[in-house]
Amino acid sequence: MPEQNKLPTLVMKFGGTSVGTAEAMSQTVQIVQNSRQDWPRLIVVTSALSGVTNLLLDSAHQSARGQVHQLYEAENRLRTTHDAIADRLIQDLARSVQVKQEIGHLIAEFSNLCRAMAVLGEATPRALDAVASLGERMSVRLLSAALEAAGVPAQSVEATQLIVTDRVFQNAHPDLKATQERTRRVLEPILAQGRVPVVTGFLGATPEGITTTLGRGGSDYSAGILGAVLPADEVWIWTDVDGVMSADPRAVPNAATIPELTYREIAELAYYGAKVLHPKTIRPVIDAGVGLRICNTFNPQHPGTRLVADSAERSRGEIKAVTAIRNQRLITIEGRGMLGVPGVAARAFGAVASTGTSVPLITQASSEQSICFAVPASSNGEVIQALEAAFAIELAQHDIDRIWATEDVTILTVVGAGMIRTPGIAGRVFSALGQRNVNVIAIAQGSSEVSISLVVDASDADLALGALHELIVTTNTGGAQ
Ligand code: ADP
Ligand code: ASP
Ligand code: MG
């Protein structure tokens, strides 16, 4: 490990709401300022200002459909949102003008890209990444200038210089070895000067330098990657809630912070829809032995959630949280002749994968005469078509009788290490739903003993979520363990 790595190193990631207004960004600046005393090597990763990535992508899609009249308004919104923060947080007039100009150039780039899409009549994944990346490219300039205005020496850095990825636009995968080499080469000199690099979340670039993105919500992942390759001692994810909670506080108002979660638990929670952490963040961080914490920019005194190593004595078998993935459909492939058809599952999932759709859940059918899995409702039509094409012969011969989808469903997942081994918990889950007349359409148990997923009709989702959350409270306060 290089000599300078012996100094405590912290990667802090700030989400869109943490930089979305002048008040929020000044809170972020204060957190960075305060952390410098304990962390001589500090790396900041930031998202775009809240709402900006959506605005950029919506504009791109509309442009590709020939609707360019809204571009003027989008440009204005981008300019006024960023400029308002610059006006409030950067006192030095020359510096403020400079930052606004840089952001103005990026807005012009946005406009040019969208107009090119309008001419071509299409928005390719590569072009969409070029547009989506602009939000973070704007926010790093603003945040680093705001930090400097507060006396923190900072430097904006584009992650296209650091994170090397494959060419899977909109969902790129990093090459950690190449990323480590570049990250150290670019960041170490900045850190050695005592400056704080302010790095764009969400982005990377192919080895040839073409901009890619790591998937929506991917700034958390950027922080995990940088923390792993430097390596840092800790990665802290600053967001707008008090850490990871027993449910999404927007859906369950009495949700409570979970002070400690194991890596397996958080992985399951993130995978099954807890937006508070991007699921891909966890892997690089565990592999590199880096600490992970989730905390609240707007309540920095709160300890938030600390991630801890998986260990038997921590797995007390209680339910810790419940998550929801909404807007799903369950697809079933069924037929009495299926037993005789070779490789049905492999071919089915191959057909689904060919549409670029990911499958969040597969359920075990009671007989071996059907395969059932969930896909996002938005991909349903495309997936059914791909399956019908893949099994055209079997359908014609009636080895497969039909391929069909439910109406919209929600996948609810209860998470807690050791839960499934604990007698009575699964029973309580089902009776809580039964008492409220919620019909469970399908069940899946993770291969780990950390979660149970239930599929319910979309119209039952909130009732079921509340019922399962009450169970957490009862189980954890005096219920049987
Ligand atoms: P950021 O912009 O900081 O990345 P996100 O909006 O991506 O923030 O994630 C934070 C949001 O995640 C919270 O505002 C909350 O509504 C949602 N969320 C969903 N499930 C959970 C959970 N179990 N605990 C905490 N927050 C959750
Ligand atoms: N700005 C990106 C998005 O909205 C990445 C992130 O916020 O994590 O998806
Ligand atoms: Mg996020």
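Count residues from 1 along the sequence. First listed ligand is number 1; within each ligand, the first listed atom is number 1. Every heavy atom of this structure was used, including side-chain atoms; hydrogens, water molecules and symmetry mates were not.
Ion pairing between Asp175 and Arg182 fails under the 4.0 Å rule for side-chain N and carboxylate O. Between Asp87 and Lys100, at least one side-chain nitrogen of the basic residue sits less than 4.0 Å from a carboxylate oxygen of the acidic one, meeting the salt-bridge criterion. The pair Glu136-Arg141 does not meet the salt-bridge criterion, since no charged nitrogen lies less than 4.0 angstrom from a carboxylate oxygen. A salt bridge is absent between Glu122 and Arg65; no separation between the charged side-chain nitrogens and carboxylate oxygens falls under 4.0 Å.
In this structure, Arg77 places its CZ atom where only 12 or fewer heavy-atom neighbours from other residues, nucleotides or ligands lie under 6.0 Å away. No more than 12 heavy atoms of other residues, nucleotides or ligands lie within 6.0 Å of NE2 in His105, so this atom counts as exposed by the packing criterion.
Residue contact annotation: Gly218 has a non-hydrogen atom under 4.0 Å from ligand 2. Ligand 1 is approached by Pro249 to a heavy-atom distance shorter than 4.0 Å.
Here the heavy atom of the protein found nearest to atom 2 (O) of ligand 1 is Gly16 N, 3.2 Å. Ranking protein heavy atoms by distance to atom 24 (N) of ligand 1, first place goes to Met245 N, 2.8 Å. Here the heavy atom of the protein found nearest to atom 3 (O) of ligand 1 is Thr239 OG1, 2.7 Å. What sits closest to atom 7 (O) of ligand 1 on the protein, heavy atoms only, is Lys275 CE, 3.5 Å. Of the protein's heavy atoms, Asp240 OD1, 4.0 Å lies nearest to atom 11 (C) of ligand 1. Nearest protein heavy-atom neighbour of atom 15 (C) of ligand 1: Asp248 OD1, 3.4 Å. The closest protein non-hydrogen atom to atom 4 (O) of ligand 1 is Lys13 NZ, 3.0 Å. Among protein heavy atoms, atom 12 (O) of ligand 1 sits closest to Val276 N, 3.4 Å.
Contacts with ligand 2 closer than 4.0 Å are made by heavy atoms of both the backbone and the side chain of Ser219.
Close approach of ligand 2 to Glu136 is summarised as follows: ligand atoms under 4.0 Å from at least one heavy atom of the residue are 1 (N), 2 (C), 5 (C). Residue contact check: Ser47 has heavy atoms under 4.0 Å from atoms 6 (C), 7 (O), 8 (O) of ligand 2.
Ranked by closest heavy atom to atom 9 (O) of ligand 2, the top entry among Lys275, His278, Arg216 is Arg216.
The stretch residues 50-60 participates, sequence neighbours left out, in these side chain to side chain donor-acceptor pair (under 3.5 Å) pairs: Asn54-Arg216.
Between Gly217 and ligand 2, at least one N/O pair is under 3.5 Å apart.
Ring geometry for Trp236 against Trp39 counts as perpendicular: the plane angle is over 60°, on a 0 to 90° scale with 30° as the lower cut.
Only one option out of Lys13, Arg41, Arg306 pairs with Glu234 in a salt bridge (Lys or Arg N to Asp or Glu O under 4.0 Å); it is Arg306.
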